[in-house]
Amino acid sequence: MAGHPQMAHPHEFYLERADEAAALAAKATLENVRDRELRSEKTWRGLAEQARRTIEEREKADRVRAERRAAEAG
């Protein structure tokens, strides 16, 4: 994406979008707009949590593989 620095973790990007949606919902004067932004916020926060869990699972799997290799080599 031109003009957008790549983030270290996707969950940070998702959390920023969620915060933006929450701010738009807070400013909305129309109920349907507020509801749309609240749904958007919920979706972004769900994506952030999923991305965070994926990172944790990947790190855990990497540790397990490293421990296994160390045990086999040792």
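Counting begins at 1 with the first residue of the sequence.
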How far does CG of Leu24 sit from CG of Leu38, to the nearest 0.5 angstrom? 10.5 Å
Sequence neighbours excluded, every pair satisfying ring-ring contact (aromatic ring centres under 6.0 Å, His included) that has a member inside residues 52-74: none
Under 3.5 Å, which donor-acceptor pairs do the side chains of residues 54-61 form with other protein atoms, sequence neighbours left out?
{"unit_1": "Thr54", "atom_1": "OG1", "unit_2": "Gln50", "atom_2": "O", "d": "2.9"}
{"unit_1": "Glu56", "atom_1": "OE1", "unit_2": "Arg52", "atom_2": "NH1", "d": "2.9"}
{"unit_1": "Glu56", "atom_1": "OE2", "unit_2": "Arg52", "atom_2": "NH1", "d": "2.4"}

Side chain to side chain donor-acceptor pair (under 3.5 Å) contacts in which one or both residues fall within residues 28-40, not counting sequence neighbours: Ser40-Trp44
If the condition is side-chain contact (heavy atoms from CB on, under 4.5 Å), which residues does Leu15 pass it with, not counting sequence neighbours? His11, Arg45, Ala48
Would you list the pairs meeting ring-ring contact (aromatic ring centres under 6.0 Å, His included) in which at least one residue belongs to residues 54-74, sequence neighbours left out? none
What pairs meet the salt bridge (Lys or Arg N to Asp or Glu O under 4.0 Å) rule with one or both residues in residues 65-74, with sequence neighbours excluded? Asp62-Arg65
